[in-house]
Undergrad: 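Next up is a structure, given as structure tokens.
The first residue in the sequence is number 1, and the count goes up from there.
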Amino acid sequence: MEAQTHVSPQIEKAVKKRITGAEAIIKCLLAEDADLVYGYPGGAIMPVYDELYKFQNEIQHILARHEQGAIHAAQGFARTSGKVGVALATSGPGATNLVTGIADAQIDSTPLVCITGQVGSHLLGSDAFQETDIVGISTPVTKWNHQVTKAADIPEVLAKAFYIAKSGRPGPVLIDITKDAQFGELDFEYKKCKGIRSYKPVPTTDPDSLVKAAQLINEAKKPFIVFGQGVILGKAEKIFKDFVEKTGIPAAWTILGASALSTKHPLNVGMVGMHGNYGPNKLTNECDLLIAVGMRFDDRVTGNLEMYAKQAKVIHFEIDPAEIDKNVKADVAVLGDVRKTLAQLYPLIQANEHDEWLQQFRAYDTIEFEKVIKNELYPQKEGLSMGEVLRGINRETKGDAIIVSDVGQHQMIACRYAEFTKSRSNVTSGGLGTMGFALPAAIGAKMGAPQREVVAIIGDGGYQMTIQELGTIFQTKTPVKIVVLNNSFLGMVRQWQQLFFDKRYASTEMINPDFVTIAKGYDIKARKVTKREELDTAINEMIASKEAYFLEVCVEKENNVFPMIPTGASVSDVRLS
């Protein structure tokens with residue numbers, strides 16, 4: 001029997017195999033459970049891709065067809081999975097092609113870690129081939145960014161990156177790593193980051209704010225809740241639903257808040273904002289208490305701030321102190337993690353009903369149905385409407401699908417009419433309004449929630465901005481369903497030109513290619529619908545498909561989305577036509 005050899009900890013550390021910075025990056029990703037990444041290779045990130053090849057059984061890399069496609073896919077993955085999305089790119093144009101998605105993630109609070117390669121540290125500042133100051137470029141649109149020039153710094157920096165991206169109010173982080181740092185060696189040790197001095201992701205909740213909030217809620221006669229994505233990001237859906245039901249307060253959602261509360265819930269009164277529902281917009285200026293939960297009072301929600309809810313007391317539940325009083329003055333600010341603050345508030349509030357107040361919302365619903373919704377969902381004219389396509393999708397999916405929408409008229413129609421019965425079901429570009437978002441984001445959304453049906457709703461304009469990502473679907477066999485609502489226009493811009501520029505349709509009419517032939521070129525099942533009698537069968541066939549499916553629906557060219565709050569107007573001035 002061989003004698004056992006005992007090695008002292010000091011000697012063991014000394015004989016540890018040193019690894020390269022590139023391998024350390026992969027080990028860091030695996031330590032953070034980031035085993036699915038999106039990206040596009042290039043010279044300055046090539047050492048990392050060489051390690052990805054070696055670790056391909058442990059970490060899956062999705063090759064996008066453009067870096068913008070990679071980062072939007074990472075966004076979609078993060079939005080449906082609740083995890084941090086990861087995107088890789090090379091230096092120069094590879095890095096700058098990520099910027100739109102980074103800006104989108106920043107304003108929509110999506111947790112991302114972006115890793116870019118950079119020229120060797122000795123070349124920094126020399127205008128070397130494909131050198132760009134991506135740290136300087138991305139500073140305004142990242143939660144944090146950092147450049148690494150030494151291999152030994154990689155583990156600590158990436159640990160901080162993941163911690164910052166997912167803690168508190170989530171957001172994108174960019175780490176730029178020089179090529180010599182990727183080739184350099186280090187003794188690898190990884191410790192997850194659990195805190196950073198001077199960075200306090202969750203502010204302390206003032207107990208008095210909870211008492212004051214409860215008092216206002218208990219005394220209010222016409223209270224109104226507007227909830228945003230903070231409910232979803234804070235995993236507060238259950239306590240929020242309990243809060244709404246105990247208080248009996250009508251609740252409306254922002255675009256990114258959609259699906260935090262089922263659209264079928266009796267106290268869900270619809271969407272607020274420029275193309276939101278009639279009642280929630282009108283009655284914002286009649287409530288006596290406005291309760292904002294995890295939302296930031298975006299201008300598309302408030303309209304003219306000088307005329308927004310001036311009659312009401314305002315309670316603002318928020319994790320980011322910078323949002324308090326930024327746009328709307330709060331009488332009571334409840335800072336902290338919304339899941340915890342609502343749980344602390346819950347025993348302080350009285351069970352209540354506001355039936356008469358709720359009926360005012362329902363009365364406006366009737367008006368909106370007769371003047372807008374009926375014509376959109378059940379049109380009598382020959383041409384197809386966008387709304388009836390959503391009605392068909394609701395019927396086939398029963399509100400269980402994830403709807404990923406691009407930006408434009410179709411986005412507003414999707415957000416207005418899609419039914420959501422589960423959280424994390426509405427994936428769209430909210431604050432930045434990025435055309436081209438939906439197709440790659442749908443790929444990531446499906447990978448983040450593979451057991452759920454994912455349907456992308458896209459306009460013919462935005463679709464062509466990232467149409468190359470059909471190649472990613474072709475290569476990965478991701479079974480997403482793609483619906484292009486084709487009106488041969490940049491529809492939302494055209495609507496504004498019609499309403500405010502005397503129908504001068506400057507550069508908004510589209511001459512489109514044969515979308516079905518293009519989809520078939522990528523081996524994707526495809527169908528085009530031009531008549532109402534074909535629609536139901538086509539939608540049924542699409543949802544039933546176990547593979548990716550492309551459906552083009554030719555809709556009315558000059559339909560408009562209503563209700564609508566004109567720019568600069570009060571929410572009370574919402575138009576039905």
Side-chain angles (χ1 to χ4, degrees), residues 19-32 34-56 58-75 77 84-102 105 112-138 142 145-155 157-158 161-162 165 172-186 188 440 444 472 475:
I19 66 172
T20 66
E23 184 177 349
I25 292 168
I26 304 303
K27 288 184 176 291
C28 293
L29 293 176
L30 290 171
E32 292 289 350
D35 56 1
L36 177 63
V37 302
Y38 301 86
Y40 204 95
I45 196 76
M46 205 174 294
V48 174
Y49 273 83
D50 189 51
E51 293 299 330
L52 277 170
Y53 180 84
K54 298 172 188 176
F55 282 84
Q56 59 188 289
E58 297 174 60
I59 189 166
Q60 182 183 11
H61 176 270
I62 304 301
L63 175 63
R65 295 305 185 265
H66 189 286
E67 290 87 356
Q68 185 176 347
I71 194 164
H72 288 329
Q75 288 178 270
F77 172 83
V84 177
V86 178
L88 307 178
T90 192
S91 62
T96 58
N97 281 342
L98 294 177
V99 172
T100 296
I102 293 171
L112 297 181
V113 169
C114 304
I115 299 172
T116 55
Q118 185 55 276
V119 300
S121 56
H122 67 289
L123 292 172
L124 291 173
S126 70
D127 290 333
F129 176 67
Q130 292 193 333
E131 180 200 358
T132 298
D133 180 11
I134 192 60
V135 170
I137 289 170
S138 65
T142 48
N145 66 14
H146 188 81
Q147 186 174 75
V148 176
T149 59
K150 297 177 181 177
D153 295 338
I154 287 171
V157 170
L158 282 180
F162 276 91
V173 171
L174 181 138
I175 306 301
D176 191 44
I177 306 177
T178 61
K179 201 166 183 180
D180 51 320
Q182 297 171 49
F183 277 126
E185 293 187 342
L186 70 154
F188 182 76
T472 307
Q475 184 163 345

Undergrad: Does L112 form a side-chain contact (heavy atoms from CB on, under 4.5 Å) with I102? I'd like the steps, not just the answer.
TA: CA-CA 8 Å; L112 297 181; I102 293 171; 5.6 Å; no
Undergrad: Do P41 and M46 have side-chain heavy atoms sitting under 4.5 Å apart?
TA: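 Heavy-atom side-chain distance check fails, nothing below 4.5 Å.
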Undergrad: Nearest 0.5 Å, what's the CG-CZ distance between L30 and F55?
TA: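 With rounding to 0.5 Å, CG (L30) is 7.0 Å from CZ (F55).
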Undergrad: So, taking the atom named CG in D153 and the one named CD1 in I177, what distance separates them when rounded to the nearest 0.5 Å?
TA: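 That separation rounds to 10.0 Å.
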Undergrad: Under a 4.5 Å cut-off applied to non-hydrogen side-chain atoms, are C28 and F188 in contact?
TA: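 Yes, side chains in contact.
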Undergrad: With sequence neighbours excluded, what pairs up with P47 under the side chain to side chain contact (heavy atoms under 4.5 Å, CB included) test?
TA: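 Per chain and number, P47 pairs via side chain to side chain contact (heavy atoms under 4.5 Å, CB included) with A22, K179, Q182, F183.
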Undergrad: Does some side-chain heavy atom of C114 sit less than 4.5 Å from a side-chain heavy atom of T142?
TA: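 In short, these two side chains do not touch, never coming nearer than 4.5 Å.
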Undergrad: Compare all side-chain heavy atoms of I26 with those of V48 and state whether any distance is below 4.5 angstrom.
TA: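 Sidechains of V48 and I26: in contact.
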Undergrad: Can you tell me how far the CD1 atom of I71 sits from the CG atom of L174, to the nearest 0.5 Å?
TA: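 Atom-to-atom, I71:CD1 and L174:CG are 8.0 Å apart.
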Undergrad: Kindly write out the residues that satisfy side chain to side chain donor-acceptor pair (under 3.5 Å) with T90, not counting sequence neighbours, or none if the list is empty.
TA: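 For T90, no residue satisfies side chain to side chain donor-acceptor pair (under 3.5 Å) once neighbours in sequence are set aside.
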Undergrad: Minimum heavy-atom separation for A89 to A95, with atom names?
TA: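 Nearest heavy atoms, A89 then A95: CB-N, 4.3 Å.
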Undergrad: Side-chain contact, heavy-atom cut-off 4.5 Å: V173 with V84?
TA: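 No - every pair of side-chain heavy atoms lies 4.5 Å or more apart.
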Undergrad: Could you give the side-chain donor-acceptor pairs of residues 115-125 under 3.5 Å, partners two or more places apart or in another chain?
TA:
from: T116; atom 1: OG1; to: D176; atom 2: OD1; distance (Å): 2.7
from: Q118; atom 1: NE2; to: T132; atom 2: O; distance (Å): 3.0
from: Q118; atom 1: NE2; to: D176; atom 2: OD2; distance (Å): 3.0
from: S121; atom 1: OG; to: D180; atom 2: OD2; distance (Å): 2.5

Undergrad: Let me confirm one number: the OG1-CG distance from T96 to D133, rounded to the nearest 0.5 Å.
TA: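 The distance works out to 12.0 Å.
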Undergrad: Backbone N or O of Y40 within a donor-acceptor pair of the Y49 side chain at under 3.5 Å?
TA: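 Indeed, once roles are kept as given, a pair shorter than 3.5 Å links the two residues.
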Undergrad: Which pair of heavy atoms, one from L98 and one from A87, lies closest together, and at what distance?
TA: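 Answer, listing the atom of L98 first, then A87: CD2-CB, 4.4 Å.
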Undergrad: Answer whether the closest heavy-atom distance between the side chains of E131 and S126 falls below 4.5 Å.
TA: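 The answer is yes, as the side chains (C-beta and beyond) meet within the 4.5 Å cut-off.
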Undergrad: Looking at every non-hydrogen atom in both residues, tell me the closest pair between V37 and L29 and how far apart they are.
TA: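 Minimum heavy-atom contact is CG1-CD1, 4.2 Å.
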Undergrad: Find out whether I62 and Q60 are in side-chain contact, i.e. whether some heavy atom of one side chain is under 4.5 Å from a heavy atom of the other.
TA: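 Side-chain contact under 4.5 Å: yes.
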Undergrad: Please name all residues satisfying side chain to side chain contact (heavy atoms under 4.5 Å, CB included) with A70, sequence neighbours left out, ordered by chain then number.
TA: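 Partners of A70 under the side chain to side chain contact (heavy atoms under 4.5 Å, CB included) test: Y38, A64.
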Undergrad: If you round to the nearest 0.5 Å, how far is CD1 of I59 from CG of L36?
TA: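 So the CG of L36 and the CD1 of I59 are separated by 8.5 Å.
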Undergrad: With sequence neighbours left out, write down each residue that passes side chain to side chain donor-acceptor pair (under 3.5 Å) with E67, or none if nothing qualifies.
TA: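 Testing E67 for side chain to side chain donor-acceptor pair (under 3.5 Å), a comparison that skips the adjacent residues, returns N97.
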Undergrad: For H66, give me all partners under ring-ring contact (aromatic ring centres under 6.0 Å, His included), at least two apart in sequence or on another chain.
TA: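 Scan of H66 (ring-ring contact (aromatic ring centres under 6.0 Å, His included), adjacent residues dropped) gives none.
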Undergrad: By salt bridge (Lys or Arg N to Asp or Glu O under 4.0 Å), which residues pair with E185, not counting sequence neighbours?
TA: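 With sequence neighbours excluded, E185 shows a salt bridge (Lys or Arg N to Asp or Glu O under 4.0 Å) to R18, given in chain and number order.
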Undergrad: According to salt bridge (charged side-chain N to carboxylate O under 4.0 Å, His left out), does anything in residues 23-32 pair up with another residue at least two apart or in another chain? List the pairs.
TA: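 The answer is E23-K27, E32-K166.
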Undergrad: For E51, check salt bridge (Lys or Arg N to Asp or Glu O under 4.0 Å) against everything at least two apart and list the hits.
TA: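 Applying salt bridge (Lys or Arg N to Asp or Glu O under 4.0 Å) to E51 gives K54.
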Undergrad: For F162, check ring-ring contact (aromatic ring centres under 6.0 Å, His included) against everything at least two apart and list the hits.
TA: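 Applying ring-ring contact (aromatic ring centres under 6.0 Å, His included) to F162 gives none.
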Undergrad: Please name the pair of heavy atoms, one in I154 and one in A24, separated by the smallest distance, quoted to 0.1 Å.
TA: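 Nearest pair, atom of I154 first, then A24: CG2-CB, 4.2 Å.
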Undergrad: Can you name the side chain to side chain donor-acceptor pair (under 3.5 Å) partners of T472, sequence neighbours left out?
TA: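 Expected list: E469.
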